Amino acid sequence: MGFGDLKSAAGLRVLNDFLADKSYIEGYVPSQADIAVFEAVGAPPPAELFHALRWYNHIKSYEKQKASLPGVKKALGKYGPADVEDTTGAATDSKDDDDIDLFGSDDEEESEEAKKLREERLAQYESKKSKKPAVVAKSSILLDVKPWDDETDMAKLEECVRSIQADGLVWGSSKLVPVGYGIKKLQIQCVVEDDKVGTDMLEERITAFEDYVQSMDVAAFNKI
Amino acid sequence: GEELALLEKALGLQSGNKYGAHGERQIPVLQTNNGPGLTGLVTIASYLVKQAKKEQLLGSSAEEKAVVHQWLEYRVTQVDRHSSREDTKTVLKDLNIHLEDKVYLAGNSFTLADILMYYGLHHVMVDLTVQEKETYLNVSRWFNHIQHYPGVRQHLTNVVFIKNRLYTNAH
């Protein structure tokens with residue numbers, strides 16, 4: 001989580017991308033989450049990052065009421081896209097991920113020793129992360145979802161499948177594969193955390209869309 | 001008729017108003033107790049907002065009121081006509097550009113413009129493909145926001161917008 005360094009161009013780009021399809025940092029109303037990020041950003045983002053600018057100007061209009069907005073301010077690393085690493089290592093306004101923040105302090109100044117230890121830990125954490133944490137077992141599954149006939153609206157079918165949300169489930173790319181008689185099946189990739197999502201559950205939820213889905217099969221299953 | 005009933009509920013009004021429809025294009029008419037009937041979606045909607053004592057939904061400053069009115073007019077003249085697919089695309093493109101730097105149609109505040117545009121566009125949004133929703137990203141963001149606004153969506157279908165964008169990168 002986290003946006004990286006929100007005072008840098010890279011961090012602002014992450015924020016901009018994140019806000020392209022959202023009005024707020026969290027949920028559908030302005031909250032302390034927006035205030036926390038707003039304060040970290042500090043100044044209006046450049047005009048070409050227009051999603052971030054739109055959000056910035058909007059939150060600015062709530063400045064007078066900011067204390068009364070709902071929610072609780074969390075560390076910056078808790079907000080933002082789930083797949084971005086919290087890289088606020090060296091900057092003085094950084095907030096670490098809870099697991100590796102040994103000293104848990106919000107102070108901007110850190111002793112040399114504490115800083116060195118934290119950077120060491122960060123480097124370890126980052127290298128661990130880049131290998132995909134061994135702790136969490138994941139699988140990449142390719143599913144074949146078959147419609148009733150060649151008149152089934154495949155776009156809708158895809159939408160239904162993608163609307164299935166679960167902790168430990170991430171949908172990937174998909175394509176339509178002709179199977180004959182004008183019928184196309186939807187072949188869609190997903191990555192699941194093994195202990196949270198299984199193919200039984202996926203089958204149950206996909207075939208629940210009875211209007212569109214005739215059946216679902218696992219075309220391929222690979223451990224990651 | 002149905003839209004005005006939805007609006008009444010969204011505004012927290014008790015339904016009790018009687019609606020009719022006038023002419024070939026079924027323009028809504030509201031029978032008031034003391035006076036002539038009121039004709040026209042925008043007229044009736046503005047009246048209901050005042051009845052509900054929520055005038056801020058019509059805009060605060062003179063400029064905001066004008067912008068709200070502009071979008072209400074747009075809704076009736078551009079969105080409601082029996083539109084071709086091309087016309088609908090134009091509307092979505094216009095809105096997408098307008099919403100690039102705004103959270104709500106009138107800028108920073110939620111107004112009647114957002115409510116009526118949401119109701120007016122619902123049938124369009126329901127049928128968009130995943131790719132189209134991404135093309136009109138700002139409209140999708142705005143629509144997703146409005147449909148989560150308390151009291152607005154009611155029994156209308158929740159339009160799904162997926163979280164992980166597939167097609168983008170050109171913004």
Side-chain angles (χ1 to χ4, degrees), chain A residues 13 16-30 34 44-65 81-83 153-166 169-176 186 188-191 209, chain B residues 56 59-61 63-64 95-111 114 118 123 125-153 157-171:
Chain A
R13 275 200 292 276
N16 188 58
D17 222 53
F18 178 77
L19 289 171
D21 61 349
K22 297 175 196 61
S23 297
Y24 303 105
I25 297 294
E26 274 184 353
Y28 297 95
V29 293
D34 297 283
E48 72 262 13
L49 299 182
F50 53 83
H51 301 295
L53 184 57
R54 182 233 326 135
W55 166 84
Y56 185 91
N57 289 333
H58 183 66
I59 299 306
K60 197 164 159 70
S61 75
Y62 287 93
E63 204 146 39
K64 300 219 177 72
Q65 325 157 22
D83 53 355
D153 183 352
M154 292 310 288
K156 266 276 160 53
L157 187 146
E158 177 172 348
E159 221 177 301
C160 290
V161 173
R162 289 187 181 279
S163 75
I164 296 173
Q165 310 265 349
L169 167 66
V170 177
W171 291 111
S173 61
S174 64
K175 62 181 186 206
L176 294 176
L186 174 74
I188 182 167
Q189 194 90 18
C190 64
V191 173
F209 293 106
Chain B
Q56 68 277 13
S60 327
S61 63
E63 199 188 317
E64 211 179 45
L95 283 174
N96 203 50
I97 293 175
H98 177 78
L99 287 168
E100 185 178 283
D101 62 346
K102 294 175 200 63
V103 175
Y104 298 108
L105 285 172
N108 285 322
S109 328
F110 176 71
T111 64
D114 298 291
Y118 164 80
H123 72 279
M125 299 302 291
V126 154
D127 285 334
L128 290 186
T129 62
V130 171
Q131 189 165 13
E132 284 171 323
K133 284 176 194 162
E134 269 187 41
T135 304
Y136 305 113
L137 187 60
N138 302 320
V139 178
S140 295
R141 170 197 25 97
W142 165 82
F143 191 90
N144 198 22
H145 183 152
I146 303 305
Q147 75 177 351
H148 280 87
Y149 202 95
V152 173
R153 177 169 77 87
T157 326
N158 184 46
V159 178
V160 174
F161 297 94
I162 38 177
K163 289 186 173 185
N164 299 319
R165 275 167 285 142
L166 304 175
Y167 301 99
T168 47
N169 253 322
H171 286 301

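Below, chains carry the letters A, B, ... as their sequence lines are ordered, and counting in each starts from 1. In this text, all values refer to a predicted model and were calculated from it rather than measured experimentally.
Partners of Lys60(A) by salt bridge (Lys or Arg N to Asp or Glu O under 4.0 Å), not counting sequence neighbours, listed by chain and number: Glu63(A). In this view, Glu132(B) and Arg85(B) satisfy the salt bridge (Lys or Arg N to Asp or Glu O under 4.0 Å) rule, not counting sequence neighbours. Lys156(A) is linked by a salt bridge (Lys or Arg N to Asp or Glu O under 4.0 Å) to Asp127(B), counting only residues two or more places apart in sequence or in another chain.
With a 6.0 Å radius and a threshold of 12 heavy atoms from other residues, nucleotides or ligands, Gln56(B) has its CD atom above the threshold.
Minimum interatomic distance between His58(A) and Asn108(B) (heavy atoms only, all atoms of both residues): ND1-OD1, 2.7 Å. Between His51(A) and Asn138(B), the shortest heavy-atom distance links the atoms CE1-OD1, 3.2 Å.
To the nearest 0.5 angstrom, Glu159(A) atom CD is 3.0 Å from Lys133(B) atom NZ. In this structure, the separation between CD on Glu134(B) and CG on Asp21(A) is 8.5 Å, given to the nearest 0.5 Å.
For residues 141-149 of chain B, heavy-atom neighbours of chain A at less than 4.5 Å comprise Arg141(B), Asn144(B), His145(B), His148(B), sorted by residue number.
Between chain A and the options Leu99(B), Val103(B), Leu128(B), the largest number of non-hydrogen pairs under 4.5 Å is found for Val103(B).
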